[in-house]
Structures are given as C-alpha cells and as structure tokens.
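Every chain is numbered from 1 and lettered A, B, ... according to where its sequence line falls, protein lines coming before strand lines.
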Amino acid sequence: MANLRDIEMRIVSTKKTSQITKAMQMVSASKLNRAEQNAKRFVPYMEKVQDVVGAIASGTKDSGHPMLTVRPVKKTAYLVIGSDRGLAGAYNSSVLRKVQATLNERHKSKDEYVILAVGRVVRDYFVKRDHNVIGEIVGLSDQPTFADIKEIARKAVGMFTDGTYDELYMYYNHFVSAIAQEVTKKKLLPLTDIAPAGTTASYEFEPSGEAILEVLLPQYAESLIYGALLDGKASEHAARMTAMKSATDNASELIDGLSLSYNRARQAAITQEITEIVGGAAALE
Amino acid sequence: MKTVTVNIVTPDGPVYDSDVSMVIVKTTSGEMGILAGHIPMVAPLAVGAVKLKLADNKEEVVAVTGGFVEVRPDKISILAPAAEVADSIDLARAKEALARAEQRLAKKQADLDATRAELALQRAVNRIRVHEGNI
C-alpha cells in the first residue's frame with residue numbers, strides 16, 4: 001500500500017522537525033533567562049547615570065552642549081536593532097515594517113536619512129533596498145557586553161556631534177513579557193527629554209558642570225543604546241521561543257492527524273484483506 | 001573611623017560594593033581623596049586606579065576606564081564603562097592589548113584613529129599596573 005508508506009514517512013519527518021523546533025525552543029528559553037539577567041544587571045548603572053544626568057542637566061540650564069541642542073533637521077539617522085538569524089517569528093519583520101512606514105511617511109528622498117543597522121537581517125533588508133546604511137553590527141553574541149557595542153554607540157554619538165545628521169531615532173523590540181514584544185521608537189539625540197532626578201541633591205562640580213556634561217552625555221547616550229540592545233536581545237530570544245513553541249505545537253497536531261489517517265488506512269487494508277480471504281474461502285465451498 | 005559605602009558599577013553589572021574609610025580617585029583634573037561626609041559632588045574620572053582604604057587599614061585597588069564619580073555624604077558611586085578589581089584582571093589579555101595598541105601606534109597608518117589606539121594603550125597599561133600593584 002503506497003499510501004500507507006507515504007503517511008508513515010510524513011509522520012517520521014514531522015516528528016524529526018518537531019524535535020528540532022523543540023530543542024530550539026529550549027535553547028531560546030535558557031538564553032532568554034540569561035538575557036533577562038543581563039538586563040537586570042544593567043539597571044543599577046542606568047538608573048545612576050540617569051539620576052546624575054538629570055541632576056546636572058536641570059542644574060545647568062542652557063549649557064549649549066551640542067548633544068542637548070535641537071538643530072534644524074536636514075538629515076535623520078535611524079538605529080534599527082534586529083537579529084542576525086531568522087526563525088524568530090515576527091521579530092524582525094515588525095521592526096522593519098514600522099521603520100519602513102516611518103521612512104515612507106516622513107521622507108521624500110533617500111538622501112534625507114541614513115540607517116545604522118544592528119543584525120544581519122536588518123542590514124540585508126536596507127542594503128537590498130538601496131538605503132544609505134552607514135553603520136552596522138553583525139554577528140553580535142547572544143549575551144553582548146558593553147565593549148561589543150561601544151564602537152557603534154560611540155560612532156553614532158560622534159556622527160551626531162560632528163553634524164553628519166541632526167537627530168537620531170532608535171527602533172527596537174521592547175521586551176514586555178515572554179509572549180509579548182512591542183516595537184518601540186525612541187528619540188535618542190538630541191537629548192531633549194531628560195527626566196529631572198527625583199533626589200535633587202545640589203552637586204558640586206569638579207572642575208565644572210560643562211566639563212562633566214562633556215564626559216557624561218556621551219556615556220549616557222551610549223548606555224541608552226546598550227540598554228535598548230539588551231532589551232532587544234531579550235525580545236529576540238522570547239520571540240524565537242514563542243515561534244518555536246507554536247511550531248512544535250503545530251507539528252504535534254499534524255502528527256495526531258496523520259496518525260489517525262494512518263490507522264484508518266491500515267484498518268482499511270486489513271479489512272480488505274479479510275474480505276478477500278473470506279471471499280476466496282467462500283468460493284471454494 | 002567613619003566609613004562610607006562605595007559602589008562601583010559598570011554596564012555589565014556591579015563590580016565592587018563595600019564600606020571603606022577613604023576613596024582615592026584620579027579625576028581628569030588630578031587625584032582626589034574622599035572621606036565620609038563629603039559634600040555632594042560629581043567629577044569625571046581619568047583612566048586609572050581607584051584606591052579604597054578599608055577600615056582595618058588594608059587597601060584595595062580597582063582599575064577603571066574613565067567614567068565619573070558621584071559623591072554623597074553617605075555614599076560614593078563610581079560609574080565606569082569598565083572596571084576590574086586588581087585580582088580579577090586577566091594579565092595575559094591586558095599584555096596582548098598593550099602589544100596590539102603599541103603596534104598600531106607604531107604603524108601610523110593613514111586611516112588609523114590615533115586617539116583610539118592611544119586610549120587603548122592607556123587602558124592596557126593601567127590594567128597591568130593595577131594588577132601588579134605598581135601605582
């Protein structure tokens with residue numbers, strides 16, 4: 001019975017696929033765990049930096065620091081954070097769709113903006129469509145350290161300061177929970193929305209407020225980028241875990257259906273054989 | 001002697017957290033010793049060593065790569081892009097980085113970012129010095 005063999009082979013191959021997706025799901029689950037820990041470890045640093053920046057920025061009004069100054073916008077930069085690999089559900093496509101929609105809406109020509117891409121999928125998307133990609137990170141580890149992204153963060157901040165572009169937006173998947181990620185847009189530069197610190201201790205500045213902002217603001221912007229990256233990584237693992245879980249579920253559903261038709265076909269074959277034997281025996285009498 | 005809580009945090013997590021009697025940091029405008037009860041202050045740090053004098057007169061050293069120090073009467077926070085306690089410094093790696101930076105500086109290529117190599121050199125030298133207790 002060819003049909004019986006066909007079904008059997010499909011069951012076997014579906015089972016193998018589900019083994020792989022199941023394994024990927026578990027790998028992503030453990031990576032998600034680590035990513036969440038990394039994000040947690042980063043929190044005290046970020047809070048502290050935010051605190052001090054808020055205290056200083058609210059203390060020294062109109063410092064005229066280039067990173068705080070709003071300039072007329074001639075060129076906009078978009079920092080898009082995605083992943084290197086696929087199989088993560090809508091992780092990359094939802095960010096890309098949002099960025100593309102913004103680009104279509106806000107800009108008439110491709111000269112008006114530049115792209116900074118994190119992740120191979122993101123890079124390939126924009127390069128293929130002939131956008132102006134001026135910076136990229138690919139092959140980032142699953143648990144990135146601050147040193148890994150310092151380069152692009154510094155570059156992104158540097159190019160704003162030297163006037164390559166006049167504002168910088170960041171797009172990434174914000175980690176809400178293991179099953180929900182949200183595409184988030186954040187205006188990074190100029191730093192216009194610095195929250196004033198809750199504990200406004202009036203600080204003494206050594207040597208001066210301006211000199212400190214000089215050091216502090218780039219560090220602040222870099223840590224915002226790093227924070228978004230950690231957030232994005234956690235979302236990536238969560239998205240992949242969810243995608244693989246539903247793939248595994250679908251596979252077992254498929255296997256159930258196939259087993260049912262396999263058993264039916266087998267039963268039909270047996271019934272037919274019995275009928276044939278009975279028929280043969282009857283003919284002999 | 002009165003003590004003050006010191007926190008050293010980096011983006012990759014806290015590095016040091018303890019009560020000490022005095023902190024000596026190297027700011028961009030010079031070395032500075034901070035005792036408990038200091039007025040609130042913020043100062044940017046140079047690449048260098050943070051010396052922590054413990055209550056029992058022992059001393060611990062942490063290598064930091066820039067960042068800044070935030071002082072409050074009862075708490076001192078040091079925020080740096082990277083920081084390592086002397087014992088945990090990977091000497092082999094630091095020496096490698098030193099050799100690499102020296103090589104780059106020696107080559108003086110046109111497309112080379114000299115300031116970056118210079119900074120890398122500083123960081124490597126700082127790590128090695130802190131590790132060997134030679135500060």
Side-chain angles (χ1 to χ4, degrees), chain A residues 34 37-57 59-60 143-151 153-155 158 197 199-230, chain B residues 5-17 23 25-34 37-48 64-84 90 93-94 97 113 115-117 119-120 123-124 127:
Chain A
R34 295 257 321 261
Q37 275 170 16
N38 285 351
K40 223 171 263 165
R41 276 214 309 253
F42 176 64
V43 169
Y45 178 82
M46 190 70 230
E47 273 177 356
K48 206 81 229 177
V49 172
Q50 222 147 18
D51 219 31
V52 177
V53 168
I56 296 176
T60 51
Q143 325 291 342
T145 60
F146 189 62
D148 292 337
I149 64 112
K150 219 162 133 192
E151 209 58 36
R154 183 172 300 159
K155 200 171 151 192
T199 53
T200 329
S202 53
Y203 290 105
E204 192 88 341
F205 300 124
E206 179 65 42
S208 68
E210 283 74 36
I212 288 170
L213 283 182
E214 205 67 42
V215 178
L216 198 53
L217 289 179
Q219 207 178 337
Y220 177 56
E222 281 166 18
S223 34
L224 281 178
I225 296 177
Y226 184 56
L229 197 82
L230 288 181
Chain B
T5 312
V6 177
N7 264 315
I8 300 180
V9 273
T10 70
D12 297 321
V15 173
Y16 188 89
D17 183 5
V23 183
V25 294
K26 195 176 157 198
T27 70
T28 46
S29 48
E31 283 213 337
M32 182 186 284
I34 306 161
H38 198 286
I39 54 163
M41 180 197 71
V42 178
L45 296 180
V47 175
V64 296
T65 58
F68 61 92
V69 59
E70 185 220 9
V71 182
R72 291 192 195 174
D74 56 339
K75 203 174 168 205
I76 298 174
S77 312
I78 294 170
L79 293 109
E84 285 145 305
D90 187 341
R93 230 189 90 203
D113 194 341
T115 36
R116 246 180 55 203
L119 280 173
R123 285 198 297 268
R127 279 210 181 89

_Contact summary for Gln219(A) and Gly67(B), nearest pair of heavy atoms_ = OE1-CA, 3.5 Å

*Grab the two heavy atoms, one from Phe146(A) and one from Pro11(B), that are nearest each other, plus how far apart they are.*
CG-CG, 3.4 Å

*Over all heavy atoms of both residues, which pair between Tyr226(A) and Asp12(B) is shortest? Give the atoms and the distance, please.*
OH-OD1, 2.8 Å

*So which heavy atom on Val215(A) is nearest to which on Pro44(B), and how close?*
CG2-CB, 3.6 Å

*Name the region of Leu79(B), side chain, backbone, both or neither, that has any atom closer than 4.5 Å to a heavy atom of chain A.*
both

*Under 4.5 Å from a heavy atom of chain A, the part of Val69(B) involved*: neither

*Atom group of Thr145(A) that falls short of 4.5 Å from chain B, counting heavy atoms*: both

*Atom pair NZ (Lys150(A)) and OG1 (Thr65(B)), whose distance is rounded to the nearest 0.5 Å*: 5.0 Å

*With a 4.5 angstrom heavy-atom cut-off, which part of Thr27(B) approaches chain A: side chain, backbone, both or neither?*
neither

*Kindly give the heavy-atom pair with the smallest separation between Val9(B) and Pro44(A), and that separation in Å.*
CG1-CB, 4.4 Å

*Using non-hydrogen atoms and a 4.5 Å limit, figure out which bit of Val49(A) sits close to chain B: side chain, backbone, both or neither.*
both

_Taking Arg72(B) first and then Asp51(A), would you say they form a salt bridge - that is, a charged N and a carboxylate O separated by under 4.0 Å?_
yes

